[in-house]
2 protein chains.
Amino acid sequence: MARKKLDETRQGQGDDASSRRTPMREFSRSLPMSLLRAREAVMRQFRPSLRNHGLTEQQWRILRALTAVDEIEVTELARVAFLLGPSLSRILRDLEARALIERKAAENDGRRAVVSISAKGLKLIEAVAPTSEAIYAEITRRYGARKLAELHEMLGALEASLAGMGSADDAEVETDE
Amino acid sequence: MARKKLDETRQGQGDDASSRRTPMREFSRSLPMSLLRAREAVMRQFRPSLRNHGLTEQQWRILRALTAVDEIEVTELARVAFLLGPSLSRILRDLEARALIERKAAENDGRRAVVSISAKGLKLIEAVAPTSEAIYAEITRRYGARKLAELHEMLGALEASLAGMGSADDAEVETDE
DNA sequence: GGGAGATGATTAACATGTTAAGTGAATTCC
DNA sequence: GGAATTCACTTAACATGTTAATCATCTCCC
């Protein structure tokens with residue numbers, strides 16, 4: 001796969017001092033890229049099945065999260081399903097329109113909304129779950145259960161490592177508030 | 001009506017004879033979720049810096065990939081930068097409008113387009129690279145270089161494990177294999 | 001009480017992910 | 001040599017990611 005030269009040499013325009021460029025890592029060794037590719041390799045397995053049931057990955061995440069609780073506030077659901085507020089808002093609107101979930105206002109706080117899965121939503125989950133688990137089992141079989149557990153642990157440790165790392169923002173725009 | 005229990009859907013037991021539902025993994029142990037969270041933890045570090053330079057993550061990926069070659073065809077660029085064709089088309093259109101890249105038709109094939117980074121694009125890369133590398137160095141320091149290498153290897157192995165796994169699509173619609 | 005500020009949720013605006021369809025140029029096959 | 005097919009993008013359409021702004025409560029504090 002093309003171990004091409006790392007030099008510059010664009011067309012003749014401006015042979016400036018760009019020969020002193022900060023050398024960067026090889027692309028394939030980028031951590032975000034590795035994580036992205038691994039995740040895509042996994043999701044590629046699940047997407048067709050979800051699609052056959054009319055669900056996107058995120059919609060599935062939400063319904064899955066809702067099966068684990070009786071009801072849950074939107075903010076907490078966003079945290080659990082790892083979705084940003086705006087995305088969640090849109091998806092909940094759609095899921096509610098499809099009657100897969102139910103929504104009501106919190107009793108003691110008019111701002112908060114409480115969400116729960118509907119009977120129809122539960123049926124859908126039950127329809128998808130077997131295939132989903134079968135795929136997961138096959139992945140586990142291929143990769144190895146022990147290795148999978150180890151990977152989980154290392155990913156968790158990575159998250160933890162970066163937890164308190166304040167964005168080392170360059171060109172920091174003066175926060176003169 | 002949302003009448004569900006499942007408050008105790010921890011893995012382990014889960015033999016709910018009455019519901020007979022396929023017990024599913026705890027949410028946090030989902031592999032796609034772990035990968036997503038780890039990746040987000042990493043990208044959260046880079047995004048502010050990129051943003052300060054007017055670049056999105058994907059635009060940065062493309063420019064980064066272009067610095068490694070003299071020129072490259074669009075399809076190959078999509079493979080290297082791990083972007084789908086439609087996304088790449090849009091981004092290239094924007095980057096070309098901003099004069100960060102240049103595009104021309106292949107000489108021997110009118111279908112193919114050849115892309116290269118411009119002098120302006122290179123300047124931008126050089127402006128971002130130091131901060132980007134500093135962040136990466138800090139991540140490596142926190143997580144550990146050895147552990148990072150091991151993680152890379154495990155992610156690559158995961159990809160490889162799933163390489164030939166044909167979508168175990170339920171409700172399979174007659175494929176030709 | 002009441003106003004300033006905080007908070008939960010949504011909306012807005014733009015960029016990308018994802019799948020399907022379209023377009024124009026090469027290749028195949030008869 | 002030309003129709004059919006394949007190929008390399010590109011557009012289209014819809015869903016989500018991401019940041020900022022908005023809106024309606026709620027809380028705090030005087």
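Side chains included, hydrogens not; waters and symmetry mates left out as well; all remaining heavy atoms used. Here the structure is a predicted model, which means the values were calculated and not measured. A note on names: the letters A, B, ... follow the listed sequences, proteins ahead of strands, and every chain is numbered from 1.
The nearest whole Å value for the distance from the CG atom in A/Asn52 to the P atom in C/dT19 is 12 Å. To the nearest angstrom, C1' of C/dT18 lies 13 Å from CG of B/Leu83. Rounded to an integer number of Å, the gap from CG of A/Leu55 to P of C/dT18 is 16 Å. Distance, A/Leu95 CG to D/dA15 C1': 12 Å, rounded to whole Å. Protein atom CZ of B/Arg90 is 10 Å distant from nucleotide atom C1' of D/dT11, rounded to whole Å. Atom pair A/Gln58:CD and C/dT16:P shows a separation of 17 Å (rounding to whole Å applied). The CZ atom of A/Arg93 sits 14 Å away from the P atom of D/dC14 (whole-angstrom rounding). Protein atom CZ of B/Arg79 is 17 Å distant from nucleotide atom C1' of D/dC7, rounded to whole Å.
For A/Arg103, a side-chain nitrogen or oxygen approaches OP1 or OP2 of C/dT10 to under 4.0 Å.
The 5' end of DNA chain D is approached more closely, in terms of each residue's nearest nucleotide, by B/Thr75 than by the other of B/Arg51 and B/Thr75. Comparing A/Arg111 and A/Pro86 along DNA chain D, the residue whose closest nucleotide (by nearest heavy atom) sits nearer the 5' end is A/Pro86. Both A/Gly85 and B/Gly110 lie close to DNA chain C; mapped to their nearest nucleotides by heavy-atom distance, the more 5′-ward contact belongs to A/Gly85.
By the 6.0 Å contact criterion, CD on B/Glu153 is open, its count of non-hydrogen atoms from other residues, nucleotides or ligands being 12 or less.
Between D/dC9, C/dG24, D/dT16, one nucleotide has an atom nearer to the side chain of A/Asp94 than all others, and that is D/dT16. The side chain of A/Val74 sits closest to C/dT10 out of D/dG17, C/dG17, C/dT10. The side chain of A/Glu40 lies closest to C/dT18, out of C/dT10, C/dT18, D/dG17.
Under the 4.5 Å side-chain criterion, counting only non-hydrogen atoms from C-beta, A/Leu77 is in contact with A/Ile62. Within the 4.5 Å cutoff, the side chain of B/Val115 has no heavy atoms near those of the B/Glu73 side chain. Considering only heavy atoms from C-beta on, B/Leu83 comes within 4.5 Å of B/Arg61 through its side chain.
In the interface, the side chain of B/Arg47 is not paired with the base of D/dG17 through any donor and acceptor atom under 3.5 Å apart.
Using a 4.0 Å heavy-atom criterion, one finds that B/Ile91 contacts the sugar-phosphate atoms exclusively. Within the 4.0 angstrom heavy-atom criterion, base atoms lie near B/Ser89. B/Glu57 comes within contact range of no nucleotide atom at all, as no heavy-atom separation falls under 4.0 Å. As judged by a 4.0 angstrom heavy-atom cut-off over every strand, B/Ser87 is placed among the base-contacting residues.
Secondary-structure stems of DNA chain C, taken as three or more successive Watson-Crick or G-U wobble pairs (i with j, i+1 with j-1) under a 3.5 Å distance threshold, comprise C:1-30 with D:1-30.
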Would you check, one step at a time, whether the test side-chain hydrogen bond (donor to acceptor under 3.5 Å, both in side chains) holds for B/Ser87 with B/Arg90? CA-CA 5 Å; B/Ser87 293; B/Arg90 283 177 305 215; 3.3 Å; yes
Verdict with supporting geometry, B/Glu57 and B/Phe46, side chain to side chain contact (heavy atoms under 4.5 Å, CB included): CA-CA 8 Å; B/Glu57 174 194 341; B/Phe46 289 97; over 6 Å; no
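The pair A/Arg93-A/Glu96 does not meet the salt-bridge criterion, since no charged nitrogen lies less than 4.0 angstrom from a carboxylate oxygen. We find that B/Glu150 and B/Arg146 are not joined by a salt bridge, their nearest charged nitrogen and carboxylate oxygen being 4.0 Å or further apart.
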